[in-house]
Amino acid sequence: MGPTRRNILGAALLAAAAPRAWAQTPAPPTGPHSLPPLPYAPDANEPHIDAQTMTLHHDRHHAAYITNLNAALKDQGTLAALPVPDLLARLPETPEAIRTALRNNAGGHANHSMFWSVMGGKGGLPTGAVAAAVDRDLGGTDAMRAAFSRMGLAQFGSGWVFITVDRDGKLALAARPNQDTPLMEGGRVLLGNDVWEHAYYLKYQNRRADYLAAWWNVVNWDAVARRYEQAKAGTLGV
Ligand code: MN
């Protein structure tokens, strides 16, 4: 007996209700950490940082750090409840079996959350208390940018270059490999730039120096000024 119209309709309904193949793989652990949305459109940093790079960087790279961080924290109730800066500051106390995963992925989550928050601006010069601190501690904006770029270029392979800030508002330059961050020493980051190739390769290829120079055009100094006040108040997170 051939298929009746009723049977064909039934099969179509069943097919529509069946889960797609990709939905049958186990879902990654959800939480405790989640991907913060980009605080602006992906093209907000054009032409200096292209929209495709921003989208891939946020939606794929940052998302992967969070997926892997949540996977490492599965069955780790106490550690899972910690804010990211506290988790990073307490890495030596974490179980050895997950310590490297926590270091790479909590570090990656912290670094990228900071990174998005200090971009989306129009560059220019720091103002107010940040400008005064840059003059006092880093020899002025020109010297700061030159040293920051030098350190970003000198970072072999993947890593970050940062300006750190302490509770007294004192600034310093720092570079770290991989997804390490001064948060791992209990420090705080005023701003930082990602020198992993995934941050710039589509537009700049191997020209890291050009990327480092162009990045200043998208720094949001108002956001940096808020981070500076939070650091002095002891409320700055990642
Ligand atoms: Mn990155």
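The analysis underlying the following values was restricted to heavy atoms, covering all of them including side chains, and did not include hydrogens, waters or symmetry mates. In each ligand, atom 1 is the first atom listed, and ligand 1 is the first ligand listed.
Under 2.8 Å from the Mn ion (ligand 1), one finds the following protein N/O/S atoms: His57 NE2, His112 NE2, Asp194 OD2, His198 NE2.
Listed for the Arg227 side chain is no donor-acceptor partner under 3.5 Å among the backbone atoms of Leu236. Checking side-chain atoms of Trp160 against main-chain N and O of Thr181 turns up no donor-acceptor pair under 3.5 Å. Without hydrogens or angle criteria, Arg103 side chain to Gln179 main chain gives no donor-acceptor distance under 3.5 Å.
Between the side chains of His62 and Trp116, at least one donor N or O lies within less than 3.5 Å of an accepting N or O. With 3.5 Å as the limit, one finds a donor-acceptor pair spanning the side chains of Asp194 and His57.
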Problem set entry | Worked verdict on Asp210 versus Tyr200 for side chain to side chain donor-acceptor pair (under 3.5 Å) | CA-CA 10 Å; Asp210 292 351; Tyr200 62 86; over 6 Å; no
